[in-house]
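Heads up: the structure comes next, in structure tokens.
Heavy-atom basis, side chains included; hydrogens, waters and symmetry copies ignored.
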Amino acid sequence: DTFGSSIAISGNYAIVGAPASNSNSGRAYIFTRSGNTWSQQIIYSSEIAQGDTFGSGVGIDGDYAVVGANGKGPNQQGAVGAAYVFKRNVTTGVWSQQAILSRNDPVFNEHYGQSVAISGDYAIVGAWADDPGGIVDAGSAYIFKRSGTSWSQTAYIIASDKHQGDYFGRFVSISGDYVISGSESNGGGAAYIFKRDTGLETWSQQKIQGHDTEGNDEFGKYVSISGDYAIVGAPYDDDAGNASGSAYIFKREGTTWSEQAKLVAGDAGSPDIFGISVSISGDYAVVGASNEDPGGTADAGSAYIFKRSGTTWSQIAKL
């Protein structure tokens, strides 16, 4: 089923994708916390068919959830992908489909819907194999806005200095008026933060890189944003040996984002690929290291939690 290949959490709600279930038609599961107990509801779309991989990407914020289905295709020509918005009924607690997020320029096999995120009235859907301007696999993302019960595409975003094989849109994150996506092959990697212009549906961008980004670090492969902070993984950074990995924290001042800290595991080693997954919320960040060897068990994997105090981020736990 590949349950757990995509996950997100918001308050008392968590969502988990299982895109290979039911002959790759896919499912997603929303869990609701009550005290120490989590109950679940299975969600899917009635139009989902075999091979659609519903649940390939998931996001949740409050009473809204978004689920990607990057394998969704009209026929055997290929997949155009899709994303679906679900809303929770505040009386019954049941989640029901509200809308399908379809882009204005559907093209086959661009992996539209493999990455999704939602915040307030906005949702973002990545298409990392898109070819903007004819540049193969440079990647893109689409932004949708809710008005009442309807969702419409309001923006199409790409990197200002796109290159072949950047895969922009492979991972996306949104928080309020800001979205972030990475381009893992752009000069050691880069990430782009977009800000929605006040009162408009245009988005201005800032390119960010680590102060020592180089070579094959794949900075920007994994990203997350929350409020005034963003985190960017660089899983193939070599500070503590080949592919030991790192992650970078960026802080917003006004409209400018600047590097605040570089995170490295306290027991970093090669090839842990620390930074292979990242997430941030408030004063806490979590970084995955899927090839780390806890207790000497090869590639069992670990995750590290960091906490901010002022401008300093310190590791407080290893999971």
Side-chain angles (χ1 to χ4, degrees), residues 6-15 33 57-66 85 115-126 141 143-146 154-155 157 168-169 171-182 190-211 219-234 246-263 275 277-288 303-317:
S6 58
I7 56 173
I9 193 166
S10 175
N12 291 324
Y13 298 93
I15 185 169
R33 184 180 69 87
V58 296
I60 193 166
D61 182 47
D63 293 330
Y64 290 88
V66 60
V85 174
S115 61
V116 298
I118 191 168
S119 176
D121 293 333
Y122 289 87
I124 183 171
V125 183
I143 296 175
F144 296 82
K145 181 183 180 182
R146 182 179 67 86
T154 60
I157 59 173
F168 177 97
F171 287 91
V172 295
S173 182
I174 184 169
S175 177
D177 291 334
Y178 292 88
V179 301
I180 186 172
S181 182
Y192 299 81
I193 296 178
F194 293 77
K195 181 188 183 300
R196 186 175 66 87
D197 298 322
T198 303
L200 302 173
E201 293 305 326
T202 56
W203 297 73
S204 55
Q205 81 176 261
Q206 177 186 344
K207 178 182 178 179
I208 58 174
Q209 289 181 299
H211 68 277
F219 175 98
K221 190 166 188 174
Y222 304 92
V223 296
S224 177
I225 193 168
S226 175
D228 294 333
Y229 291 88
I231 184 171
V232 181
S246 63
Y248 298 77
I249 301 284
F250 291 82
K251 168 86 164 58
R252 183 178 68 87
E253 295 290 349
T255 59
T256 302
W257 293 80
S258 302
E259 182 182 325
Q260 183 178 75
K262 180 177 182 179
L263 309 183
S277 56
V278 297
S279 188
I280 192 167
S281 179
D283 294 332
Y284 292 86
V286 60
V287 182
Y304 298 78
I305 296 179
F306 294 80
K307 183 180 181 182
R308 182 180 67 87
S309 177
T311 60
T312 301
W313 291 79
S314 302
Q315 180 181 317
I316 60 168

Test side chain to side chain contact (heavy atoms under 4.5 Å, CB included) applied to W257 and I225, step by step: CA-CA 12 Å; W257 293 80; I225 193 168; 3.8 Å; yes
Audit row: I157, I143, side chain to side chain contact (heavy atoms under 4.5 Å, CB included) steps and yes/no: CA-CA 8 Å; I157 59 173; I143 296 175; 4.2 Å; yes
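In this structure, OG in S279 is found 8.0 Å from CD1 in I231, a value given to the nearest 0.5 Å. Taken to the nearest 0.5 Å, the CG atom of D61 stands 9.0 Å off from the CD1 atom of I174. In this structure, the separation between OG on S309 and CD1 on I316 is 11.0 Å, given to the nearest 0.5 Å. How far CZ of F171 is from OG of S6: 10.0 Å, rounded to the nearest 0.5 Å. In this structure, the separation between CG on D177 and CZ on F194 is 14.5 Å, given to the nearest 0.5 Å. Within the model, atoms CZ of R252 and NZ of K195 stand 7.5 Å from one another, a figure rounded to the nearest 0.5 Å.
Summarising the geometry of V287 relative to G275, their closest heavy-atom pair is CG1-N, 3.3 Å, with the distance given to 0.1 Å. Smallest separation of non-hydrogen atoms from A117 and S173: CB-CA, 4.0 Å. Taking each heavy atom of R308 and D283 in turn, the nearest pair found is NH2-OD1, 2.7 Å. Contact record, A191 with F219: N-CE2, 3.7 Å, taken as the closest heavy-atom pair. Between S226 and S281, the shortest heavy-atom contact is OG-CA, 3.7 Å. Between Q260 and G310, the shortest heavy-atom distance links the atoms NE2-O, 4.5 Å.
In this structure, the side chains of I208 and I193 come closer than 4.5 Å at one or more pairs of heavy atoms. Between H211 and K262, some side-chain heavy-atom pair lies under the 4.5 Å cut-off. Side-chain contact check for T312 versus S314: some heavy-atom pair is nearer than 4.5 Å.
At most 12 heavy atoms of other shown residues, nucleotides or ligands fall within 6.0 angstrom of atom CD1 in I7.
Under a 3.5 Å cut-off, the side chain of S224 and the backbone N or O of V278 do not form any donor-acceptor pair. Checked by atom type and distance alone, the side chain of S181 never pairs as donor or acceptor with a backbone atom of V172 at under 3.5 Å.
Cation-pi geometry between K251 and Y229 is met: the NZ or CZ atom falls under 6.0 Å from the ring centre, inside 45° of the normal.
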